[in-house]
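Report on the structure given below.
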Amino acid sequence: MLNRIVASFYWIGRYSERIDYTARLADVNIYGHYKLSDNEEYYNSVMTNLTFVRNNVREIRQYATNRMWDCINGFYLWLSDHDHAAEHRPFKVLNRVRNEVSLFKNVADSSMLHEVEWRFLTAGEQLECAENTARMILHVLDSLEREEDLHNLEYHRLVTLLESVDGFEAFRKVHANHFTIDKIIEFLLLNSLFSKSVYYSLFSLEENFKGLKLEYQLDHLSKVIRLVNRLRALLYQSLDLKGKTIVEHREFFNTIILGCGQINQEIERSIAHEPEMDIKDNFHRKLAELV
């Protein structure tokens with residue numbers, strides 16, 4: 001029972017972060033004039049993920065807070081009103097979507113006890129953020145047709161990539177106005193102080209699970225921690241990508257995305273681990289040892 005609840009919180013984190021990513025990706029396509037594939041229905045994707053979040057919160061109402069439900073349900077009702085959404089230009093709808101997601105995250109963070117459920121919700125957000133930043137870079141790389149396009153990207157496309165993850169001002173503090181694709185990739189992958197960099201997200205995820213393992217004696221989380229650590233180490237291979245082809249760049253980012261998928265699979269296995277000895281049992285065992 002408790003494992004199911006933890007899984008719901010984990011996927012609430014992932015789906016809510018995915019809504020934010022989908023809105024940002026739509027922004028990139030609208031303002032960056034990148035080519036959309038025929039099967040990328042962004043509003044449907046937002047609505048689908050929002051429905052998943054709402055359903056998960058509804059199923060665990062006794063463990064989530066009332067403010068979380070009110071927030072996500074209000075978001076759902078607003079987006080369900082297609083006539084209302086159609087009255088706005090696309091960028092206003094997308095901006096509202098991102099604001100609603102941010103509000104939900106803040107409500108969850110401020111109204112929940114920072115115990116197991118909150119940790120798994122946060123883990124879902126952290127892993128999704130790492131994967132989505134890599135996907136955003138890959139999306140730009142996939143829009144390039146010739147090798148020379150890689151290092152001749154227009155200024156506005158480089159800026160759009162940074163703005164798509166709210167990284168424009170943070171990047172300028174580090175690199176001033178030296179906008180190159182190599183510097184931007186390095187920043188979005190390896191910067192340890194920017195919250196949406198892949199490194200920062202994975203480091204936070206690793207620390208999150210180390211805390212869970214120690215506090216609740218969940219030794220079966222060790223493999224998750226090892227996989228996250230291994231993927232963080234892989235990120236530094238990006239420093240060798242300078243001068244590489246577009247295909248080699250794409251292969252690298254696909255490897256990162258694949259690594260995030262493997263971490264997700266192991267997290268799901270860990271949630272289902274030992275149904276007869278769940279997290280609640282471990283907590284009481286730890287408490288008894290302390291007494």
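The first residue of the sequence shown is numbered 1, and numbering continues consecutively from there.
Under the side-chain contact (heavy atoms from CB on, under 4.5 Å) criterion, Asp70 pairs with no residue at all, not counting sequence neighbours. Every side-chain contact (heavy atoms from CB on, under 4.5 Å) that Leu77 has, sequence neighbours left out, goes to Asn73. Scored by the side-chain contact (heavy atoms from CB on, under 4.5 Å) test, Tyr15 finds Trp11, Arg18, Asn49, Phe52, Val53, Asn56 as partners (sequence neighbours excluded).
Atom OG in Ser197 sits 8.0 Å away from atom CG in Leu188 (nearest 0.5 Å). Rounded to the nearest 0.5 angstrom, Ile225 CD1 and Leu205 CG are separated by 9.0 Å. Going from atom CG of Leu227 over to atom CZ of Arg232 covers 13.0 Å, rounded to the nearest 0.5 Å. Distance check, rounded to the nearest 0.5 Å: CZ of Arg24 to OG of Ser164 gives 7.5 Å. We find the CZ-CG distance between Arg98 and Asp166 to be 5.0 Å, quoted to the nearest 0.5 Å. Atoms OH and CG, from Tyr63 and Leu113 in turn, are 13.5 Å apart once rounded to the nearest 0.5 Å.
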Give the C-alpha distance, both sets of side-chain angles, the deciding distance and a yes or no for side chain to side chain contact (heavy atoms under 4.5 Å, CB included) between Ile19 and Phe75. CA-CA 12 Å; Ile19 293 169; Phe75 182 12; 4.3 Å; yes

Tell me, with the steps shown, if Leu221 and Ile267 meet side chain to side chain contact (heavy atoms under 4.5 Å, CB included). CA-CA 8 Å; Leu221 292 177; Ile267 290 174; over 6 Å; no

Could you go through Thr180 and Lys183, starting from their C-alpha distance and side-chain angles, then the distance that decides it, and tell me whether this counts as side chain to side chain contact (heavy atoms under 4.5 Å, CB included)? CA-CA 5 Å; Thr180 67; Lys183 289 185 181 297; 3.2 Å; yes

Are Tyr76 and Asn55 close enough, and set up right, to give a side chain to side chain donor-acceptor pair (under 3.5 Å), and what steps lead you there? CA-CA 10 Å; Tyr76 175 85; Asn55 288 345; over 6 Å; no

Kindly indicate, with the supporting measurements, whether the criterion side chain to side chain contact (heavy atoms under 4.5 Å, CB included) is fulfilled by Leu121 and Tyr10. CA-CA 4 Å; Leu121 184 151; Tyr10 171 70; over 6 Å; no

For Glu154 and Arg157, run salt bridge (charged side-chain N to carboxylate O under 4.0 Å, His left out): C-alpha distance rounded to whole Å, both residues' side-chain angles, the deciding distance at 0.1 Å, then the answer. CA-CA 5 Å; Glu154 299 91 340; Arg157 295 183 73 179; 3.7 Å; yes

Would you sort out whether Phe194 and Phe187 count as a ring pair (Phe, Tyr, Trp, His ring centres under 6.0 Å), showing the intermediate values? CA-CA 8 Å; Phe194 177 56; Phe187 176 80; 5.2 Å; yes

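At least one side-chain heavy atom of Tyr236 sits less than 4.5 Å from a side-chain heavy atom of Leu190. Contact of the Thr122 side chain with the His114 side chain is not registered, since no non-hydrogen atoms from C-beta on lie closer than 4.5 Å. For the pair Glu186 and Leu239, the minimum side-chain heavy-atom distance is below 4.5 Å. Using a 4.5 Å heavy-atom threshold, the side chains of Phe120 and Leu212 count as touching. The shortest distance between side-chain heavy atoms of Tyr21 and Glu128 does not fall below 4.5 Å. By the 4.5 Å heavy-atom criterion applied to side chains, Asn66 and Arg61 are counted as neighbours.
The minimum heavy-atom distance between Thr22 and Ser45, with the atom names listed, is CG2-CB, 3.8 Å. Of all heavy-atom pairs spanning Ser195 and Ser201, the tightest one is O-OG, 3.5 Å. Residues Ser16 and Gly13 come closest through the heavy atom pair OG-O, 3.0 Å. Across every non-hydrogen atom of Met68 and Val107, the tightest pair is N-CG1, 3.7 Å. The heavy-atom pair separating Leu103 from Cys71 by the smallest distance is CG-SG, 3.7 Å. Residues Arg67 and Ser111 approach most closely at NH1-CB, 4.4 Å, considering heavy atoms.
Side-chain contact annotation: Asn229 with Glu206, donor-acceptor N/O pair under 3.5 Å present. Ser222 and Lys213 form a side-chain donor-acceptor contact under 3.5 Å, judged by distance and modelled atom types alone.
In terms of modelled atom types and a separation under 3.5 Å, the side chain of Ser238 and the main chain of Leu235 share a donor-acceptor contact. Side-chain atoms of Arg119 never come within 3.5 Å of backbone atoms of Phe209 as a donor-acceptor pair (strictly under, hydrogens ignored). With hydrogens and angles ignored, the 3.5 Å screen pairs a side-chain donor or acceptor of Thr133 with a backbone N or O of Lys196. Asp109 contributes no side-chain N or O that, together with a main-chain N or O of Lys105, makes up a donor-acceptor pair within less than 3.5 Å.
Legend: salt bridge (charged side-chain N to carboxylate O under 4.0 Å, His left out) pairs involving residues 255-273, not counting sequence neighbours, sorted by first then second residue: Lys223-Glu266, Glu266-Arg269.
Residues Ile181 and Tyr155 are members of one and the same hydrophobic cluster, defined by side-chain heavy-atom contacts under 4.5 angstrom among Ile, Leu, Val, Met, Phe, Trp and Tyr. Placement of Leu162 and Tyr200 in two distinct hydrophobic clusters is found when ILVMFWY residues are connected by side-chain heavy-atom separations under 4.5 Å, directly or transitively.
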Extract all donor-acceptor atom pairs below 3.5 Å that involve side chains of residues 244-261 and protein atoms in other chains or at least two apart in sequence.
{"from": "Thr245", "atom 1": "OG1", "to": "Glu248", "atom 2": "N", "distance (Å)": "3.2"}
{"from": "Thr245", "atom 1": "OG1", "to": "Glu248", "atom 2": "OE1", "distance (Å)": "3.3"}
{"from": "Glu248", "atom 1": "OE1", "to": "Thr245", "atom 2": "N", "distance (Å)": "2.9"}
{"from": "His249", "atom 1": "NE2", "to": "Leu241", "atom 2": "O", "distance (Å)": "3.4"}
{"from": "Arg250", "atom 1": "NE", "to": "Leu141", "atom 2": "O", "distance (Å)": "3.4"}
{"from": "Arg250", "atom 1": "NE", "to": "Asp142", "atom 2": "OD1", "distance (Å)": "3.3"}
{"from": "Arg250", "atom 1": "NH2", "to": "Leu141", "atom 2": "O", "distance (Å)": "2.8"}
{"from": "Arg250", "atom 1": "NH2", "to": "Leu144", "atom 2": "O", "distance (Å)": "3.0"}
{"from": "Asn254", "atom 1": "ND2", "to": "Arg250", "atom 2": "O", "distance (Å)": "3.1"}
{"from": "Thr255", "atom 1": "OG1", "to": "Glu251", "atom 2": "O", "distance (Å)": "2.8"}

N/O donor to acceptor pairs below 3.5 angstrom from side-chain atoms of residues 167-175, sequence neighbours left out:
{"from": "Arg172", "atom 1": "NE", "to": "Asn177", "atom 2": "OD1", "distance (Å)": "3.0"}
{"from": "Arg172", "atom 1": "NH2", "to": "Asn177", "atom 2": "OD1", "distance (Å)": "3.3"}

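A cation-pi arrangement is absent between Arg58 and Trp69 under the rule of less than 6.0 angstrom and at most 45 degrees off the ring axis.
Note on Arg14 versus Glu131: salt bridge recorded, some NZ/NE/NH1/NH2 to OD/OE distance being below 4.0 Å.
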